[in-house]
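Single-structure report; data block below.
In this text, all values refer to a predicted model and were calculated from it rather than measured experimentally.
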Amino acid sequence: MHWADVAAKALSHKGEKHIVSTGITPSGEFHIGHLREILTGDMIARAARNAGLDVEFVFIVDTADPLRKVYDFLGPEYEQFIGHQLGSIPAPDADGNPDWPRFEKEGWTYGDHFLKPFLQALEQIGVRPRIIDNLESYRSGRFDALAKIACDRADEIREAIERISSRELPENWFPWSPLDSKGSLDGVTVTGYEYPLVHWKDMHGETGSSDISKGEGKLPWRIDWPAKWGWIGVTCEPFGKDHGAAGGSYATGREIVQILGHEPPHPLTYEWISLKGQGAMSSSAGNTIGPIEALDLVPPEILRLLVAKSKPNKAIEFDTGMSLVNLADEYERLAARDFEAELLDDGLSRRQRVQVEDAAGAMRMAAVEEGMAAQATAVTFRHLALLAQTKSTDDGVWESLRNAGAITEPTQAMTDRLSRMRAWIASKHFPEEMKISVLSTPNVEALNDLSQEEKSVLSTLAVTLEQCEWNATNIGSAIPQSAKDLDLSPKMGYRAAYAALMGKERGPRLAPILAEMEQNEIVDLLKACAAHVE
RNA sequence: GGGCCUGUAGCUCAGUCAGGUAGAGCGUCGGACUUUUAAUCCGAUGGUCGCGGGUUCGAACCCCGUCAGGCCCGCCA
């Protein structure tokens with residue numbers, strides 16, 4: 001059973017109606033790590049729907065959270081906004097400075113700035129949650145009732161946090177963080193409480209009162225989260241391993257939510273996605289790949305497969321180089337399989353059966369549109385990468401595929417894939433290993449590895465190519481013909497040609513590539529190689 | 001200090017919850033395709049299940065211990 005189905009089954013034991021929730025703080029560029037959060041939720045919601053449950057999927061945008069620091073991508077002017085809520089401050093412009101005009105005219109905030117592109121990516125990837133703006137929820141009084149309970153029962157909550165996280169809270173700790181005279185949540189001391197007012201004194205020496213029913217402040221994170229579960233009615237929530245550890249925010253949250261009069265949601269802890277060789281992704285460290293950036297390179301279903309195929313507790317290592325090629329090719333292979341037919345085989349061991357079922361489940365979850373069957377394109381990423389590099393026009397690529405019998409006419413999916421492939425090849429992410437390059441000087445090592453017969457082909461090949469009219473057809477026939485002229489198999493001709501021209505044992509079709517190059521350069525290279533082996 | 005997760009074939013991982021002959025994919029190697037060879041098809045290779053004990057007729061799986069990597073107990077997907 002796929003992991004999402006396992007989660008759905010657990011939910012079905014608890015009731016018919018469910019709300020699966022996810023949440024992210026829009027403090028900086030969203031990256032594909034965030035995609036795991038939301039895709040995990042989306043997949044559980046889908047699986048629950050498949051299991052016949054009534055389920056809604058929500059995405060909470062934590063716009064009530066404060067700006068923690070002036071990140072590298074922000075200008076020094078942001079110093080003044082530290083501690084201010086992300087949904088109440090201006091967005092950075094192209095230079096990282098506050099975009100005041102847009103903030104004042106359109107109400108375009110810091111949170112909007114980072115959220116918007118992420119939502120576009122979600123649309124492409126087939127995730128359509130109900131979006132809840134947390135700051136807006138505070139302001140409209142959604143938290144009112146539960147925030148009141150939290151303040152009324154502050155001692156119980158303090159006890160729970162101190163006991164479970166084994167940390168000591170400061171003397172003046174209070175389960176409500178008021179906004180100060182400047183609109184910051186930092187450095188405010190609570191001096192009293194009479195519902196709905198929380199009285200405070202800030203670090204500028206000012207005093208005032210915060211109305212919790214109007215959201216003039218917020219609940220601290222460890223209470224904010226369970227309060228959300230409460231008023232929204234969350235029954236299931238995936239969260240990162242940081243929240244999941246003993247003493248972490250889920251552990252305190254599950255107890256606090258009961259103080260607030262609700263039941264904790266079914267938890268699902270997931271591991272992080274890291275960039276190969278660079279550790280965990282972090283917006284501030286700058287080692288991120290944005291969802292939009294990733295979608296420029298690969299189709300959404302392949303990105304979905306990345307999350308779907310790994311159980312949540314497995315760390316995912318990702319990169320936009322060879323990992324992506326392998327992932328995309330895996331998608332193609334899976335798309336070409338007929339899982340139902342495979343499962344009919346009674347000879348399958350339990351183990352093999354589970355593997356087929358998991359693969360089928362992963363592909364079901366990878367579909368951008370729920371329930372749509374994957375279409376195998378019959379062309380692997382590797383092959384397409386090769387064609388895209390050797391054919392300058394799209395028509396040239398289609399023609400080659402038609403000749404190979406892979407397609408009749410290019411589908412929309414194929415066209416999309418090719419344009420993404422071209423973007424990928426042009427980007428810094430395209431792996432060296434996939435690049436096609438012809439040598440400029442002989443690769444001695446590769447030549448030495450050739451057999452005596454293979455070596456003997458080189459001089460004949462150089463002569464044949466020197467005399468032929470320079471086009472792909474002639475070049476294509478010259479390689480095997482040179483071998484045949486010596487009573488050798490065409491294979492030896494190819495081995496010799498690849499060793500001489502690319503320094504490898506095998507490679508992509510040489511003729512169309514060579515046809516694009518200068519005849520005399522190729523001939524000279526072959527002559528130099530032939531001279532070397534004699 | 002306390003706790004959580006991970007460790008299985010060269011690589012990525014299933015299998016651990018319900019103990020019953022170690023499984024996939026990739027890679028590698030070999031063969032086929034006799035003017036194509038990053039393609040396709042066929043076949044083969046490959047593991048003291050981190051380590052040490054215990055329970056059991058039987059342990060990758062359960063229990064105890066131990067090592068290694070990651071994480072949490074301020075904020076963080």
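Relative to the side chain of A/Trp221, the nucleotides B/rG15, B/rG25, B/rC75 differ in distance, and B/rC75 lies closest. Nearest nucleotide to the A/Arg68 side chain, out of B/rG70, B/rC75, B/rU12: B/rC75. The listed nucleotides are B/rA14, B/rC26, B/rC71; the one nearest the side chain of A/Lys311 is B/rA14.
Distance check on atom P: B/rG50 versus B/rG7 gives 8 Å, rounded to whole Å. Here the separation of B/rU35 from B/rC26, taken at their P atoms, is 28 Å to the nearest Å. As rounded to the nearest Å, B/rU45 and B/rA39 have P atoms that lie 22 Å from one another. If you take atom P in B/rA9 and the same atom in B/rA24, they sit 15 Å apart, rounded to whole Å. Nucleotides B/rC64 and B/rU55 place their C1' atoms 11 Å apart, quoted to the nearest Å. Look at the C1' atom in both B/rG15 and B/rG23: the space between them is 7 Å, to the nearest Å. Across the C1' atoms, B/rG58 and B/rC41 are found 42 Å apart, a figure rounded to whole Å. Here the separation of B/rG30 from B/rC62, taken at their C1' atoms, is 43 Å to the nearest Å.
Distance NZ (A/Lys9) to C1' (B/rA18): 11 Å, rounded to an integer number of Å. A/Glu168 has its CD atom 21 Å from the P atom of B/rG1, to the nearest Å. Taking atom NE2 on A/His13 and atom P on B/rC17, their separation rounds to 17 Å, with Å as the unit. Taking atom CD on A/Glu332 and atom P on B/rU40, their separation rounds to 11 Å, with Å as the unit. Between the CZ atom of A/Phe239 and the P atom of B/rC71 there is a distance of 18 Å, rounded to whole Å. Between A/Glu317 atom CD and B/rC26 atom P there is a gap of 21 Å when expressed in whole angstrom units. For the pair A/Asp329 CG and B/rU12 P, the interatomic distance rounds to 18 Å; values are reported in whole Å. Atom-to-atom, CG of A/Leu67 to P of B/rC76 comes out at 14 Å; the value is rounded to the nearest Å.
The closest side-chain heavy-atom distance from A/Ile60 to A/Ser21 is below 4.5 Å. When side chains are defined from C-beta on, A/Trp225 does not count as touching A/Ile256, because their heavy atoms never get closer than 4.5 Å. Counting only heavy atoms from C-beta outward, the side chains of A/Leu268 and A/Phe239 never approach each other to under 4.5 Å. With contacts defined as side-chain heavy-atom distances shorter than 4.5 Å, the pair A/Lys435/A/Phe430 qualifies. Taking the side chain as every heavy atom from C-beta outward, A/Leu179 and A/Gln85 approach each other to under 4.5 Å. The side-chain heavy atoms of A/Trp470 and A/Ile522, taken from C-beta on, include a pair separated by under 4.5 Å. At a threshold of 4.5 Å between non-hydrogen side-chain atoms, the residues A/Tyr250 and A/Thr269 do not count as touching.
With sequence neighbours left out, A/Val70 forms a side-chain contact (heavy atoms from CB on, under 4.5 Å) with A/Leu74, A/Tyr78, A/Glu79, A/Ile82.
Shown here for A/Asn134 and A/Ala64, the closest heavy-atom pair between the two residues is ND2-CB, 4.0 Å. Nearest heavy-atom pair across A/Leu185 and A/Pro178 is CD2-O, 3.8 Å. Considering every non-hydrogen atom in both A/Thr464 and A/Ser482, the closest pair reads OG1-OG, 3.8 Å.
Counting any heavy atom pair closer than 4.0 Å across all strands shown, A/Arg163 reaches no nucleic acid atom. When heavy atoms are screened at a 4.0 angstrom cut-off, A/Arg36 is found touching no nucleic acid atom at all. Across all strands, A/Thr40 comes closer than 4.0 Å to no nucleic acid atom at all (heavy-atom distances).
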Pair A/Asp485-A/Thr460, side-chain hydrogen bond (donor to acceptor under 3.5 Å, both in side chains): steps then yes or no: CA-CA 8 Å; A/Asp485 289 347; A/Thr460 316; over 6 Å; no

Derivation of the side chain to side chain contact (heavy atoms under 4.5 Å, CB included) call for A/Leu461 and A/Ile479: CA-CA 6 Å; A/Leu461 180 58; A/Ile479 298 170; 4.2 Å; yes

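Salt-bridge check for A/Lys228 with A/Asp224: passed, with a basic side-chain N closer than 4.0 Å to an acidic carboxylate O.
In RNA chain B, consecutive stretches of 3 or more Watson-Crick or G-U wobble pairs with both distances under 3.5 Å are given as paired ranges: B:1-7 with B:67-73, B:10-13 with B:23-26, B:28-32 with B:40-44, B:50-54 with B:62-66.
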Below 3.5 Å between N/O atoms, which protein atoms pair up with nucleotides 20-22 of chain B? Just atom names and distances, please.
| unit_1 | atom_1 | unit_2 | atom_2 | d |
| --- | --- | --- | --- | --- |
| B/rA22 | O2' | A/Arg351 | NH1 | 3.3 |

Sugar-phosphate or base contact per nucleotide [nucleotides 32-37 of chain B; S, B, -; heavy atom under 4.0 Å]: --SBBB

Nucleotide-resolved protein contact map, nucleotides 4-10 of chain B, B/S/- at heavy-atom distance under 4.0 Å: -SSS---

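In this structure a side-chain-to-backbone donor-acceptor pair under 3.5 Å is present from A/Glu162 to A/Leu169.
Within the structure, every pair that satisfies the side-chain hydrogen bond (donor to acceptor under 3.5 Å, both in side chains) test and touches residues 37-46 of chain A, not counting sequence neighbours, is listed here: A/Glu37-A/Tyr270, A/Asp42-A/Arg304.
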